[in-house]
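Note: hydrogens, waters and symmetry copies are ignored here, and every other heavy atom, side chains too, is used. The first residue in the sequence is number 1, and the count goes up from there.
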Amino acid sequence: LLWSLSKAGVRHPAVFKSVAKHLVGSDSGHTGRGLDNFSSQGLGNLAWSYAKQAQLATEVSDGMIESTGRLAVYETSWRDVGEPLIKRLFSKIAERAIDSNCMFKLLMSV
């Protein structure tokens, strides 16, 4: 679903935030489903989908995003998903790739 929305150029921050919470948990103690069943291709698609959403946001905003000194793509990810959650998601993606010894496959799939 996430890949399809991003590939089609459709922004839906609420869906992306909900999926991130489902996968890696929220600050309120929910640990999340985890990424253990993701293949290297699935991890790559997941990371790409979130990155593409941030890129789409910067294209749509056309300079209307207030700068806090961060890159615009980081700013939109922070606003859409939330800084702690987006950091946790990408950290878990990296940990899963390293733990499963699929870092090479992940890099080749992106």
Side-chain angles (χ1 to χ4, degrees):
L1 174 68
L2 301 181
W3 182 88
S4 300
L5 288 171
S6 294
K7 182 71 174 172
V10 176
R11 284 198 21 84
H12 203 310
V15 168
F16 279 78
K17 186 173 187 172
S18 293
V19 170
K21 282 183 181 178
H22 176 72
L23 291 174
V24 297
S26 61
D27 291 334
S28 61
H30 176 255
T31 58
R33 170 191 178 275
L35 301 171
D36 291 342
N37 294 326
F38 277 69
S39 66
S40 58
Q41 184 69 47
L43 291 172
N45 288 345
L46 181 65
W48 179 87
S49 297
Y50 278 87
K52 185 64 177 176
Q53 285 292 300
Q55 181 185 22
L56 290 170
T58 60
E59 292 170 2
V60 170
S61 68
D62 197 25
M64 297 176 69
I65 297 173
E66 295 176 29
S67 177
T68 59
R70 298 175 176 167
L71 292 173
V73 292
Y74 184 80
E75 188 71 25
T76 56
S77 294
W78 173 76
R79 289 180 185 211
D80 287 354
V81 179
E83 187 171 20
L85 188 55
I86 200 75
K87 282 182 176 180
R88 191 165 48 253
L89 176 67
F90 277 93
S91 292
K92 293 292 184 183
I93 290 171
E95 287 172 14
R96 170 68 179 124
I98 292 167
D99 288 347
S100 66
N101 202 13
C102 66
M103 183 58 104
F104 178 73
K105 291 179 186 177
L106 174 63
L107 292 173
M108 296 306 291
S109 70
V110 176

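- Of all the heavy atoms in Pro13 and Arg11, the pair that sits closest is CG-NH2, 3.4 Å.
- Between the side chain of Arg88 and the backbone N or O of Gly25 there is at least one donor-acceptor pair closer than 3.5 Å.
- Between the side chain of Arg96 and the backbone N or O of Phe38, at least one donor-acceptor pair lies under 3.5 Å.
- Below 30°, between 30° and 60°, or above 60°: for Phe90 and Tyr50 the angle between ring planes is above 60°, a perpendicular geometry.
- With values rounded to the nearest 0.5 angstrom, Asp80 atom CG is found 11.5 Å from Leu85 atom CG.
- With rounding to the nearest 0.5 Å, the separation of NE2 in His12 from CG in Leu1 is 8.5 Å.
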Decide side chain to side chain contact (heavy atoms under 4.5 Å, CB included) for Val19 and Leu89; before the verdict, give the C-alpha distance in whole Å, the side-chain angles of both, and the deciding distance to 0.1 Å.
CA-CA 10 Å; Val19 170; Leu89 176 67; over 6 Å; no

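- Summarising the geometry, atom NZ belonging to Lys7 is positioned 5.5 Å from atom CH2 belonging to Trp48; distances are rounded to the nearest 0.5 Å.
- Gln53 places a side-chain N or O within donor-acceptor distance of the main-chain N or O of Val10, the cut-off being under 3.5 Å.
- Summarising the geometry, atom CZ belonging to Phe16 is positioned 11.5 Å from atom NZ belonging to Lys52; distances are rounded to the nearest 0.5 Å.
- When all heavy atoms of Leu46 and Leu35 are compared, the pair lying nearest together is CD2-CD2, 3.9 Å.
- Looking at every heavy atom in both residues, Ser49 comes nearest to Ser6 through O-OG, 3.0 Å.
- Between atom CG of residue Asn45 and atom OG of residue Ser39 there is a gap of 7.5 Å, rounded to the nearest 0.5 Å.
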